[in-house]
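Down below is the structure, laid out as structure tokens.
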2 protein chains.
Amino acid sequence: MFHARGYDAVSVADLTAALGIKPPSFYAAFGSKAGLYSRVLERYSESGAIPFAALLRADRPVAVCLAEVLEEAARRYGASADAPGCLVVEGTRSNDPDAQAAACVHHDAAEALIHDYIAARFPEGADRITDFMDTVMAGLSAMARRGHGTERLMASAKMAGRALMREFSEDHA
Amino acid sequence: MFHARGYDAVSVADLTAALGIKPPSFYAAFGSKAGLYSRVLERYSESGAIPFAALLRADRPVAVCLAEVLEEAARRYGASADAPGCLVVEGTRSNDPDAQAAACVHHDAAEALIHDYIAARFPEGADRITDFMDTVMAGLSAMARRGHGTERLMASAKMAGRALMREFSEDHA
DNA sequence: CCTTTTTTGTATCAGTCACTACATTATCCC
DNA sequence: GGGATAATGTAGTGACTGATACAAAAAAGG
């Protein structure tokens with residue numbers, strides 16, 4: 001439900017109704033609405049999110065791996081129309097401070113993964129390229145939330161991917 | 001205030017306090033919270049938003065003009081830290097149906113402007129390129145909201161702009 | 001100056017938010 | 001089966017949401 005409608009748009013009443021439990025049981029189990037969200041984020045990071053560690057390989061060109069991350073984002077963000085976009089990216093935009101902080105933890109971790117991966121071989125462009133990756137992924141998540149399916153997202157992801165290739169081939173030269 | 005904190009995060013109480021008026025005067029003047037937001041959007045589209053009509057020129061290369069739109073977005077979205085991102089783009093993400101609809105009107109108009117501009121000279125790629133423009137602009141607005149300044153946004157905008165050049169030069173060949 | 005109309009402030013509307021005190025029911029251990 | 005413990009349902013907390021009824025004050029018109 002958090003993924004489908006966003007943290008702010010889901011009320012505790014919605015959650016308890018969906019779970020078939022009453023508020024006291026909900027708070028006994030999860031502590032708070034943000035507490036449940038934290039656990040959902042954890043689960044999402046383990047299974048539903050982009051597998052950065054597997055995609056960012058040291059034995060392949062940096063630009064290729066980064067482009068594959070973007071394409072995987074397009075695939076996952078547009079996969080299910082009833083849960084569009086990235087749970088983490090969207091969470092960082094919540095109006096609730098606790099939820100936002102929880103989502104930022106995961107986002108910052110993923111961002112650091114990307115940054116370090118680039119920095120290992122192109123330290124001078126790591127900041128710039130990481131920003132670009134962030135921008136495109138935030139954009140893809142937003143477009144998914146607008147209803148765009150995987151095909152349309154993929155076209156934009158591939159375009160951004162080609163921009164990455166270009167960027168790295170220039171750094172090489 | 002809508003631009004600074006987002007439609008959902010601003011309450012009528014905030015608005016009446018800031019305006020120095022009481023709720024009845026507020027509703028007499030604007031009809032509703034969404035009514036005021038509509039007028040704010042109107043004003044924003046006339047003065048604060050990206051001047052698409054001026055930027056999308058028929059006497060210059062399509063890719064150059066589109067790249068300039070993205071750079072102008074970077075400039076405006078990151079200009080003031082207390083009102084980051086695009087009021088329209090962010091408005092389309094509101095949880096309030098009325099506010100979202102009002103923002104979508106302006107967003108769709110801008111999108112149509114871009115689409116028609118591209119379609120006039122590159123009909124086969126208009127959909128794809130428009131999606132890419134939307135994606136990057138949504139991403140830039142999101143990054144601005146995360147606190148990135150104009151310089152960082154501009155770097156990503158320029159990268160995306162170079163991707164556009166490449167795309168059009170290939171279509172040419 | 002007095003009446004009429006408009007604007008404003010006081011106080012509050014019903015509804016929803018996340019969250020909890022309390023009592024009852026179910027479960028477990030012996 | 002009986003007593004301690006844990007989980008649950010009932011009901012409601014205060015705070016806030018957007019939006020108003022009503023009356024007092026201000027402005028306009030003669």
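Below, read A as the first sequence line, B as the second, and so on, with proteins coming before strands; counting in each chain starts at 1.
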- For chain A, the stretch of DNA chain C it reaches, first to last nucleotide, under 4.0 Å of its heavy atoms: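 Under 4.0 Å from chain A, the extent on DNA chain C is C/dC17 to C/dA21.
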- Query: Partners of B/Ala49 by side chain to side chain contact (heavy atoms under 4.5 Å, CB included), sequence neighbours excluded?
  - Reply: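 Residues passing side chain to side chain contact (heavy atoms under 4.5 Å, CB included) with B/Ala49: B/Tyr44.
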- Message: Taking side chain to side chain contact (heavy atoms under 4.5 Å, CB included) as the definition, give me every residue that meets it alongside B/Glu68, ordered by chain and number, with sequence neighbours left out.
- Response: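 With neighbours one apart ignored, the set is B/Arg60, B/Val64.
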- Item | Span of DNA chain D, from the first to the last nucleotide whose atoms fall under 4.0 Å of chain B heavy atoms |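 First and last nucleotides in contact are D/dT17 to D/dA21.
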- Query: Which ones in residues 17-32 of chain A lie close to DNA chain C, meaning a heavy atom under 4.0 Å from one of its atoms?
  - Reply: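 Hits under 4.0 Å, by residue number: A/Pro23, A/Pro24, A/Tyr27, A/Ser32.
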- Spacing of B/Phe2 atom CZ and B/Leu36 atom CG [to the nearest 0.5 Å]: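 B/Phe2 CZ to B/Leu36 CG: 4.5 Å, rounded to 0.5 Å.
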Applying salt bridge (Lys or Arg N to Asp or Glu O under 4.0 Å), name anything that partners [X], two or more places apart in sequence or on another chain.
{"X": "A/Asp8", "answer": "none"}
{"X": "B/Lys22", "answer": "none"}
{"X": "A/Asp14", "answer": "A/Arg5"}

Check side-chain hydrogen bond (donor to acceptor under 3.5 Å, both in side chains) between [X] and all other residues, then give those that pass, not counting sequence neighbours.
{"X": "A/Asp59", "answer": "A/Arg57"}
{"X": "B/Arg121", "answer": "B/Tyr117"}
{"X": "B/His106", "answer": "none"}

- Do A/Tyr77 and A/Ile114 sit in the same hydrophobic cluster, where Ile, Leu, Val, Met, Phe, Trp and Tyr count as joined when their side-chain heavy atoms come under 4.5 Å apart?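 Same cluster.
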- ILVMFWY network linking B/Leu87 to B/Leu113, side-chain heavy atoms under 4.5 angstrom: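 In one cluster: no.
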- What parts of residues 34-43 of chain B reach DNA chain D, counting only heavy atoms under 4.0 Å away?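 None - not one residue of the stretch has a heavy atom sitting under 4.0 Å from the strand.
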